[in-house]
Amino acid sequence: MRERRADIGAERKSPYREERKFPEPTICPRCGLVYLGGGWQQAKGELPKEANKELCPACRRETDRYPGGIVYLSGGYLWAKESEIMNIVKNQEEQAKAKRPLQRIMWVERKDEGIEIATTNQHLARRIGRAINSAHAGALVIKQKAGENFVRIYWEREG
Ligand SMILES: [Zn+2]
């Protein structure tokens, strides 16, 4: 139990944590999001000149290459339907980002026999995995350790 508690404490202090509080207003110099009203949002209108400047949690993950989720796609079917499947990935990101701008894709890379998609947020990874599986039923496996703010999603379909 003691170990568990230490983990939770570490997570609370993590610079990647989306619930982390910032002085208001804070502007992310990398992506231009503004922290206002207790959350990060798209800037509307003119930005205050006196704003605090700090990387938002998503940009921090991007610059550190420290994802919150990994989706790994594989199987022969993937290559037959690659553009359709990658469209689903893009659409899911667009939809998630519109409401929650910290949910982004960090990279899409070919790895061995599959495609690896890294996301800034575990919910986006789950969302992508579920959307692909509901449109192209295959085998979906979700792996997450208790208390860990990181998820691995495996999707595979052969034929
Ligand atoms: Zn940012």
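Values reported hereafter were calculated over all heavy atoms of this structure, with side chains retained and with hydrogens, waters and symmetry mates removed. Counting from 1, the numbers follow the sequence of the chain as shown. If you're wondering where the values come from, they're calculated on a predicted model, not measured in any experiment. Numbering of ligands and ligand atoms starts at 1, following listing order.
- Applying the side chain to side chain donor-acceptor pair (under 3.5 Å) rule to Arg104 yields the partners Glu62; only residues at least two apart in sequence or on another chain are considered.
- Using a 3.5 Å distance cut-off with no hydrogens or angles, the side chains of Gln122 and Arg152 do not pair a donor with an acceptor.
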Quick one, Gln92 with Arg130, criterion side-chain hydrogen bond (donor to acceptor under 3.5 Å, both in side chains). Give me CA distance, side-chain angles, the key distance, then yes/no.
CA-CA 10 Å; Gln92 290 301 315; Arg130 290 206 185 101; over 6 Å; no

Evaluate salt bridge (charged side-chain N to carboxylate O under 4.0 Å, His left out) for Glu109 paired with Arg65, printing each intermediate quantity in order.
CA-CA 13 Å; Glu109 281 171 12; Arg65 284 182 67 86; 3.3 Å; yes

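- Within the 3.5 Å criterion, the main-chain N or O of Phe22 finds no donor-acceptor partner in the side chain of Thr26.
- Within the 3.5 Å criterion, the main-chain N or O of Tyr66 finds no donor-acceptor partner in the side chain of Asp64.
- Closer than 2.8 Å to the Zn ion (ligand 1) sit the protein N, O or S atoms Cys28 SG, Cys31 SG, Cys56 SG, Cys59 SG.
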